[in-house]
Amino acid sequence: MSSEQTRMFFREAVSRAVREEMTDNPRVFVLGQDVGSFGGSYREFDGLYKLFGPERMRDTPVAEAAAMGIAAGAAASGFHPLVVITYMDFMMIGFDALINYAAKLRYKTAGRLTAPMVVKTTAGAQGQGVAHSQCIEAWLMSVPGLKVVAPSSPADAYGLMKTALRSDGPVVYIDHKRLFPTPGNVPVAEAPVPFGQAFIRREGRDVSLVTHSYMVRVALEAAQMVEAEGISCEVVDLCSLAPLDIATLSASVARTGRLLTLEEGQTTCGVGVEVAARIFERIGPKPWSRIGTLPAPVSSNPVLEAACVPNAGRVAEALRSLAGHPLTTSSFVTQEAS
Amino acid sequence: MSDPVERLRAMLMIRAFEDCLAARKDHGFQLLSSGEEAVSVGLAAALGSADQLLTGGRSIGPALARGVDPGQLMAELLGKVAGTNRGRAGRGHLSDPDRGFFGAHAVVAGNISVAAGVALARRMAGDPGIVVILFGDGASGAGPLYETLNMAALWQLPLLFVCNNNRLSVSTTREAGNATKNISDLGAAFGLWTRVVDGLDVGGVAAAASEAAGHVRLGNGPAFLECSSIRLRSHSTTARETRSRAELAALRELCPIEREIALLEGGGQLDPARTQALRDEATQKAEAALAFADASPYPDASEVLNHVE
Amino acid sequence: MIYQLSVPAAVPGVEEIRILEWQGEPGTAFASGDLIVELETHKAVVEVRAGQAGVLRTLLADAGDWLAVGLPLALFSDDADEALPDPALASDELVVEFDVT
């Protein structure tokens, strides 16, 4: 396969994936608020309305419960809808159709019906306030029958969206407000990214820093900060939260001997807890600490938001603390919130 | 199913099936529809094999009326592998789309928007069949109904809303559960064709459902049919009955099956001997369904992780 | 005098832009207020307008190119025939105004 790359905005990577899959599969269609002629809240569907028209780029009223249910019903009837929920917080309004119906349909019909739908939503803090900033992917990871993916770059946005639109069950695809401004290189050739695969974004010897979505950038920044101090940090990007790539994660932690988990959601019952448990089940306990948003709502107030959400300084501090921790012990390393 | 005797046969089958199931000690808990047979059968009479029916959890009557095999249905309700869903859906979640019964979803009002999605898919696929969503008055205060009414009207979906108003949501009366005069007024607010019909009169339900389905079938947009019915049993077979013996006795006097029998015998289309034969036949079929279910094993515990994703 | 036009930090959070269209070529004279170049961010178009008169001398990036905020886009001079230093670096930034649409 050609390794030729082309640079594009994050939104262009999304729209390219959707355009290609809609072209290849007439059963794929998009529904949600502002997805039609407006082109999506992040312009991530720019140009698609002109190509595919109002039937397949279907604007909905503000009605997440019905939009999710309609997507589930259409999916169960042979279509492959992409339902857009503007902010991840609003997914809660549509949980019945997604979690109680779509995720269980294959099981409860013993395989006779499935609901191959994609929920595309945007998580994360960027001045939007307490009900427009949350990262609740950990809630979704615990739902049998649901796949959950979260790209950190345009290439993965493209590749994961393609795989999502080819999956035979419900998928939640989570991007992040702060990922949209940054362009990246995307393969020129069609390049679906498989689910269940994590990627090492930076190799290191002393600590494995496991994270996803926008926090991958924060992790890389923190790893750079501690490099000069002689701490070699490996950054692993989950990409796929359900299923998790335990093999890659375990191999990394087995190599470095220490684990730091980082997420923008809450640490309580969070992604990091699950990652650590699954790794330690496989290779035995290792020194570990976790960072997430502080246990408070994420305010639109810039001072409070910044204080709440993890930043590179906090991550670097945790890396220093963990790297100084002897490998012979296996206890959870207490990390003071700072 | 335009023959009145056939409709009676179908209603007797539902009643016998539920009596047979309820008599079983090991039935778990079930959501029975005794008293609502005329709604299921009258509605089914208006539908063809290309149509799909979705329901809330109270789905035994609608499933049988659509032609789901009684043996497979009984097996499903008792958790046996010969069930329509290999015994893993059970009451509240059974489905048999090949028989035009797309399925139940026991979260109250949850299936309403799913049904709109099925309707949208059918239109996008150019499929002529219509979709019917049957729900109780208990769903009439829930958000998905309102969102879906709006979108079905905006998009002119081939969707027929049918409210089986049995006047009770567990213990909450219809009056305490919805502020409208008639629940079908909700449909009118969105410009839908609406009608309230006596849900104890199978012929009346069939006629109204036929008119409503015809409206939807012709591409005139969604319709809303409200059927006033009664529930002769408690909310579920393990739920406390909230009504007095006297109230229940009075309700039994309204039984839609006995009413239809009286009508048909009075009109000369049935005689008591023929009626008894129909009752016996229904009982025999229900017992045969139970025997079929009993002959089928439970799934092996090793199946528990099958078909998760 | 030689001036440098750099990618303005027009939109918070944006670190890199794509050049959409130049509104002139080397030799084009711009009056204050004239549109020089349109830049594309993830969701907006930034119209960069001259905040002073000047002559466009050298384009340092073409339409379709990606450029980080703060990097040079072009060189300008007061007069069309001023000699450009070699390498052509300027110490002063061209005064610009910009509209984000």
Side-chain angles (χ1 to χ4, degrees), chain A residues 26-27 29 31 54-56 58-81 83 93-117 143-147 167-171 195 242-243, chain B residues 52 54 76 81 83-90 92-98 102-125 127 129 131 133 142-152 154-155 157 159 299 303-309:
Chain A
R27 298 242 156 188
F29 71 100
L31 75 163
E55 274 279 305
R56 294 181 70 196
R58 182 173 284 273
D59 275 323
T60 66
V62 181
E64 282 86 359
M68 200 82 96
I70 287 170
S77 310
F79 280 79
H80 204 137
V83 58
I93 300 160
F95 267 5
D96 173 54
L98 179 66
I99 293 174
N100 291 328
Y101 186 82
K104 292 167 177 58
L105 188 60
R106 182 194 301 275
Y107 189 87
K108 77 177 188 178
T109 62
R112 282 176 83 180
L113 294 175
T114 59
M117 61 189 277
V143 179
L146 204 55
K147 292 190 167 74
S167 295
D168 58 3
V171 176
F195 289 179
Chain B
Q52 285 289 354
L54 293 88
E76 184 59 35
V81 296
T84 50
N85 303 51
R86 208 172 162 77
R88 49 174 56 202
H93 293 283
L94 50 97
S95 61
D96 195 355
D98 295 343
F102 202 83
H105 176 39
V107 176
V108 172
N111 226 9
I112 298 175
S113 56
V114 172
V118 178
L120 175 64
R122 310 207 104 199
R123 196 177 66 191
M124 288 177 79
D127 186 323
V131 177
I133 176 66
L145 173 61
Y146 297 77
E147 292 192 8
T148 308
L149 278 169
N150 182 42
M151 287 168 76
L154 285 171
W155 296 353
L157 293 179
L159 180 61
E303 288 186 24
V304 67
L305 291 176
N306 290 358
H307 301 299
V308 173
E309 58 186 32

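Chain identifiers are assigned alphabetically (A, B, ...) following the order of the sequence lines, protein sequences preceding nucleic acid strands; residue numbering begins at 1 within each chain.
Heavy-atom pairs under 4.5 Å with chain B were tallied for A:P81, A:G111, A:A67; the largest tally goes to A:G111. Between chain A and the options B:V107, B:L54, B:T148, the largest number of non-hydrogen pairs under 4.5 Å is found for B:V107. Between chain A and the residues B:L157, B:D98, B:V131, the largest count of heavy-atom pairs under 4.5 Å involves B:D98. Note: A:G69 leads A:G69, A:A72, A:A71, A:P61 in heavy-atom pairs under 4.5 Å with chain B. Note on A:R58, A:K147, A:E64: by heavy-atom pairs under 4.5 Å with chain B, the leading option is A:R58. Ranked by heavy-atom pairs under 4.5 Å with chain A, the first of B:T84, B:D127, B:N150, B:L94 is B:T84.
Within the 3.5 Å criterion, the main-chain N or O of B:L305 finds no donor-acceptor partner in the side chain of A:Y107.
Of the atoms belonging to A:R106, heavy atoms from both backbone and side chain fall under 4.5 Å from chain B. Residue contact with chain A, scored on non-hydrogen atoms closer than 4.5 Å, involves the backbone and the side chain of B:V304 alike. Using a 4.5 Å cut-off between heavy atoms, B:Y146 makes no contact with chain A at all. Interface residue A:L113: only side-chain heavy atoms are found under 4.5 Å from chain B. At a 4.5 Å heavy-atom cutoff, A:A115 makes no contact with chain B through either its backbone or its side chain. Contact of B:A104 with chain A is made through the backbone alone, with heavy-atom distances under 4.5 Å. At a 4.5 Å heavy-atom cutoff, B:P299 makes no contact with chain A through either its backbone or its side chain. Contact annotation for A:Y101: both backbone and side-chain heavy atoms come within less than 4.5 Å of a heavy atom of chain B. Contacts of B:A116 with chain A are made by both backbone and side-chain atoms, with heavy-atom separations under 4.5 Å.
Separation of atoms CZ (A:F29) and CE (B:M124) is listed at 5.0 Å; rounding is to 0.5 Å. For the atom pair A:T109 OG1 and B:R88 CZ, the distance stands at 8.5 Å (nearest 0.5 Å). Note that the CG atom of A:D59 and the CG atom of B:L154 stand 11.0 Å from one another [nearest 0.5 Å]. Rounded to the nearest 0.5 Å, atoms CH2 (B:W155) and CD1 (A:I70) are 4.5 Å apart. Note: B:M151 CE to A:T60 OG1 = 5.0 Å, rounded to the nearest 0.5 Å.
For the pair A:R112 and B:P97, the minimum side-chain heavy-atom distance is below 4.5 Å.
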>> If you apply the rule side chain to side chain contact (heavy atoms under 4.5 Å, CB included), what do you find for A:K104 with B:H105, and how did you get there?
In response: CA-CA 11 Å; A:K104 292 167 177 58; B:H105 176 39; over 6 Å; no
> Where do A:M68 and B:E147 land on the side chain to side chain contact (heavy atoms under 4.5 Å, CB included) test, with the steps shown first?
Replying inline: CA-CA 11 Å; A:M68 200 82 96; B:E147 292 192 8; over 6 Å; no
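Residue B:A125 comes nearest to A:R27 through the heavy atom pair CB-NH2, 4.1 Å, listed as atom of the first residue, atom of the second, then distance. B:A121 and A:F79 make their closest contact through O-CE1, 3.2 Å (heavy atoms, listed as atom of the first residue, atom of the second, distance).
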